[in-house]
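Chain letters run A, B, ... following the sequence lines, proteins first and then strands; every chain starts at 1. All figures in this text were calculated on a predicted structure; none of them were measured in a lab.
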Amino acid sequence: MIKDEITILLKEAVLEAQRRDLLPPVTMPDIVLERPQNPEHGDYASTLPLKLARSARMNPLTIAQNLVSLIQLPDEIDSIAVASPGFINFSLKSEWLTKQVEGIISSGERYGDVDLGKGAKVQVEFVSVNPTGPLHVGHGRGAILGSTLASVLASSGYDVVREYYINDAGGQMDAFYRSLYARYQQALGIDAQMPSEGYFGEYMMDIAREIIAEEGGKLSDKPAELGKIGVAKVMKTIKSDLEALGVSFDVWFSENSLFEQGQYDRVMAFLKERGYISEKEGAVWFTSTALGEDKDNVLVRSDGAPTYFATDIAYHYNKFIERGFSKVINIWGADHQGHVSRMKAVVSALGIDPGRLQIIISQMVTLKRGEMALRVSKRTGEIIILRELVDEVGPDVCRFFFLSHSADSQMDFDLELAKRHSSDNPVYYVQYGHARIASILRLAQERGIDYKEGNVSLLTGDSELALIRNMLQLPEVLELVASTLEPHHLPYYALDVATTFHNFYEKCRVISSDNALTSARLKLVEAAQIVLAKTLHLMGMTAPEKM
RNA sequence: GCCCCUGUAGCUCAGAGGAUAGAGCACCAGCCUCCGGAGCUGGGGGCGAGGGUUCGACUCCCUCCAGGGGCGCCA
């Protein structure tokens, strides 16, 4: 990337300045290159002189001038300018810019990929809702976040595994089994009491009725088998809801398997050996206080049942030690926030750098229909099902909307607004850009225009160069998203590219009587299509040829 | 009481310690003999409050105010 080359130039200039005594031997600050907001300030700007000024005890402008005088202009760069109070601004040469169009076309769908990960194995675990009911909109947010992050990481040189952890053990499952059993009995006309901690949603009755339709009443004396069938049905619904959103997984990992495969016993023995386990009040505890936590946590209840925390420890033991992921990314809802620090504590107790476990907390989603707020609760049955939302506004709108908010911010999703603006929507703005391009390329094909020999150096207009500059940012955006794990930059970038394209379209006629210019612009248009499609696909959205 | 997240335009949200804080929607005014008007151009309007660090703070630190979430032998 050109950005990296400029960084190297600056670094070398500092070292050279120090060799020539133009700069005292102070330590090198981090060299950050910025994209100036004002195009008059060039393509990249560095504040390195300002950062050096204090420790070097020199005027930043003098430092800037000294550094610039030591840099030999490479081919890509048109000019390097010093600006007060101490900026160094780099402008790219338009010949170099236009040449990049060819590079984008030859890279195709792989354009923008960067090798940040260098093949490192990384796991993204997301959704992981226990199979007790359908997904609600909050889960949808996590699903979109996780699947997009996984795509970006895969394009950034990581070996990515997308994983769903099925909580098919523990107390919540018990409540589910007992609720289903009660509903089943009731549907058969037998008087049965729902457990007070049970699942009262309508869908439980649907499942019971469905099972009766398929199996009849023969499961009345086989609650275990009934439960199994119920879970399978819920999982099937969950999978299809996720598919409707364009979300898929490589691994569906069962919590139960941690007991069957022995990870649970192994990790408990491991922790005991290291002295992290204590017993009090009839229960087994993880002594997280020894690792700086506020309090200890129960691993095995006094009735002998392991907690969710205990199996999660076994699961992370499996992730890091048995499967050897160098990085594990978990996406959790805001209600799991309290689980973060003790999980990190556990990981370090396992002898693993807790920095290798990255947990993204996605904040709550509240749904509104106009002024009416809708509460989301699975237990009481007042649930806004993800599927309803997807069916109502479509997966693309859903994905774009969720993605354009940072995970840290709470969201209000106004269904009414989403539908009302459905045709006047940033999603369509971006997709329309892609469809417009497709239509231009179709026309070119119909007219039999072969633009392979087009000369891109004819692309000298402001709007043409602006579009190229914009397209060249894709690898930087990927790097940003992969390193910060903040996919919300993608939709904003997509919007940006679409805007510069629409602007170009307005100013420049692509297919005209000027054959040479037509060929050159068709190349530009094809490159723009590649960039828009790639960005949309990273977000898990479609790039329509027609709308 | 303690911990986490948030407070930026009328609304929904971006903003990587730097130069004149951005986008979409809404509102107002313009733009079609020609490749898709789901488009383009222009306009009005904003960093919760107060301190601090810094050459420079929406950004980092502290206090306060406001909203959301968490502090289980639930998951």
Side-chain angles (χ1 to χ4, degrees), chain A residues 32-38 40-41 45-47 50-51 53-54 60 83-87 89 128-130 132 167 170-173 175 197 255 281-285 294-295 297-309 311-312 333-341 361-364 366 401 404-414 417-418 420-433 435-444 447 476 480 483-484 486 488-489 491-492 495-496 498-499 501-503 505-512 518 521-522 525 546-547:
Chain A
V32 275
L33 277 187
E34 298 160 9
R35 288 269 183 185
Q37 288 169 26
N38 187 338
E40 285 172 21
H41 295 140
S46 173
T47 57
L50 289 161
K51 305 227 184 303
R54 189 179 178 76
S84 106
F87 291 98
N89 296 331
S128 298
V129 178
N130 50 9
T132 55
N167 297 123
Q172 297 287 346
M173 278 324 291
E197 291 289 294
E255 179 181 0
E281 297 155 30
V284 177
W285 299 69
D294 289 344
K295 56 186 179 206
N297 295 281
V298 172
L299 295 174
V300 184
R301 295 179 204 120
S302 43
D303 67 1
T307 61
Y308 162 81
F309 182 46
T311 49
D312 218 16
D335 53 341
H336 282 59
Q337 166 264 122
H339 193 48
V340 173
S341 69
I361 297 293
S362 74
Q363 292 298 320
M364 299 217 81
T366 49
F401 189 83
S404 58
H405 296 59
S406 94
D408 288 335
S409 69
Q410 289 162 227
M411 290 182 58
D412 279 333
F413 200 136
D414 188 336
L417 212 66
R420 185 144 42 94
H421 298 308
S422 62
S423 68
D424 217 358
N425 193 303
V427 179
Y428 295 115
Y429 181 81
V430 174
Q431 291 184 322
Y432 179 65
R436 223 179 194 181
I437 289 171
S439 141
I440 296 170
L441 295 176
R442 266 197 307 272
L443 182 70
R447 298 204 183 157
E476 291 170 28
L480 174 70
S483 57
T484 59
E486 292 176 349
H488 70 267
H489 299 292
Y492 291 93
L495 232 32
D496 224 37
T499 302
F501 173 76
H502 286 308
N503 186 276
Y505 177 86
E506 213 63 36
K507 297 221 169 75
C508 303
R509 196 181 160 81
V510 179
I511 297 174
S512 67
T518 297
R521 285 182 174 164
L522 281 170
V525 167
K546 284 181 184 171
M547 289 173 71

Verify the distance criterion only: is there a donor paired with an acceptor across the side chains of Thr132(A) and Gln172(A) at less than 3.5 Å? no

Once you round it to whole Å, what is the distance between C1' of G72(B) and CZ of Arg301(A)? 10 Å

Send over the distance from Phe309(A) CZ to C74(B) P, rounded to a whole Å. 14 Å

With respect to the phosphate group of C73(B), does any side-chain polar atom (N or O) of Asn297(A) fall under 4.0 Å of OP1 or OP2? no

Secondary-structure stems, RNA chain B, at least 3 Watson-Crick or G-U base pairs under 3.5 Å: B:1-7 with B:65-71, B:10-13 with B:22-25, B:27-31 with B:39-43, B:48-52 with B:60-64

Quick one: does His336(A) reach the base of A75(B) with a side-chain donor-acceptor pair under 3.5 Å? yes

Restricting both atoms to N or O, compile the protein contacts to nucleotides 7-9 of chain B shorter than 3.5 Å, with distance only.
none

With hydrogens left out and only the distance checked, is there a donor-acceptor pair under 3.5 Å joining Asn89(A)'s side chain and the base of A19(B)? yes

Find every protein N or O atom lying less than 3.5 Å from an N or O atom of nucleotides 52-59 of chain B, and list the pairs.
| residue | atom | partner | partner atom | Å |
| --- | --- | --- | --- | --- |
| C55(B) | OP1 | Arg54(A) | NH1 | 2.1 |

Distance test, side-chain N/O of Ser439(A) to OP1/OP2 of G36(B), below 4.0 Å: yes

Could you go through nucleotides 20-23 of chain B and list every protein N or O atom that sits under 3.5 Å from one of its N or O atoms, giving the distance for each pair?
| residue | atom | partner | partner atom | Å |
| --- | --- | --- | --- | --- |
| U20(B) | O4 | Asn38(A) | ND2 | 3.1 |

Over how many whole Å does the gap from Asp496(A) atom CG to G24(B) atom C1' extend? 13 Å

Pair of N/O donor and acceptor under 3.5 Å linking C73(B) base with Ser302(A) side chain: yes

Is the charged tip of Arg436(A) near the ring of Tyr505(A): under 6.0 Å from the six-membered ring centre and within 45° of its axis? yes

Round to a whole Å and report the spacing from OH of Tyr308(A) to C1' of C73(B). 16 Å

For Ala334(A), answer base if it contacts any base atom (sugar-phosphate contacts may also be present), sugar-phosphate if it contacts only those atoms, and nothing otherwise; contact means non-hydrogen atoms under 4.0 Å. sugar-phosphate

Hey, what's the ring geometry for Tyr492(A) with His488(A), parallel, tilted or perpendicular (30° and 60° as the breaks)? perpendicular

Determine the contact category for Val510(A): base if any of its heavy atoms lies under 4.0 Å from a base atom, sugar-phosphate if only primed atoms, P, OP1 or OP2 are that close, otherwise nothing. base

4.5 Å side-chain heavy-atom contact, Thr47(A) and Glu34(A): yes

Value for CG (Asp312(A)) from NE2 (His339(A)), rounded to nearest 0.5 Å, stands at 4.0 Å

Rounded to the Å, how far apart are Met364(A) CE and G70(B) P? 7 Å

Quickly work out the Lys295(A) NZ to C71(B) C1' distance and round it to whole Å. 5 Å

Partners meeting salt bridge (charged side-chain N to carboxylate O under 4.0 Å, His left out) with Glu476(A) (sequence neighbours left out): Arg35(A)

Could you list the protein-to-nucleotides 3-6 of chain B atom pairs, N/O on both sides, closer than 3.5 Å?
| residue | atom | partner | partner atom | Å |
| --- | --- | --- | --- | --- |
| C5(B) | O2' | Asp408(A) | O | 2.2 |

Can Tyr432(A) be said to stack with the base of G36(B), given centres closer than 5.5 angstrom and planes under 30 degrees apart? no

Assign Lys546(A) to base, sugar-phosphate, or nothing according to its heavy-atom contacts below 4.0 angstrom with the strands shown. base

In whole angstroms, the gap separating P of G72(B) from CG of Asp335(A) amounts to 15 Å

Rounded to the nearest 0.5 Å, what separation is found between the CG atom of Leu299(A) and the CH2 atom of Trp285(A)? 9.5 Å

With respect to the side chain of Tyr505(A), which nucleotide from G18(B), G36(B), G24(B) is positioned closest? G36(B)

Indicate, with a heavy-atom threshold strictly under 4.0 Å, whether Ala444(A) touches base, sugar-phosphate, or nothing. nothing

Rounded to whole Å, how long is the line connecting atom CZ of Arg436(A) with atom P of G39(B)? 8 Å

Using a heavy-atom cut-off of 4.0 Å across all strands, would you classify Ala435(A) as base, sugar-phosphate, or nothing? base

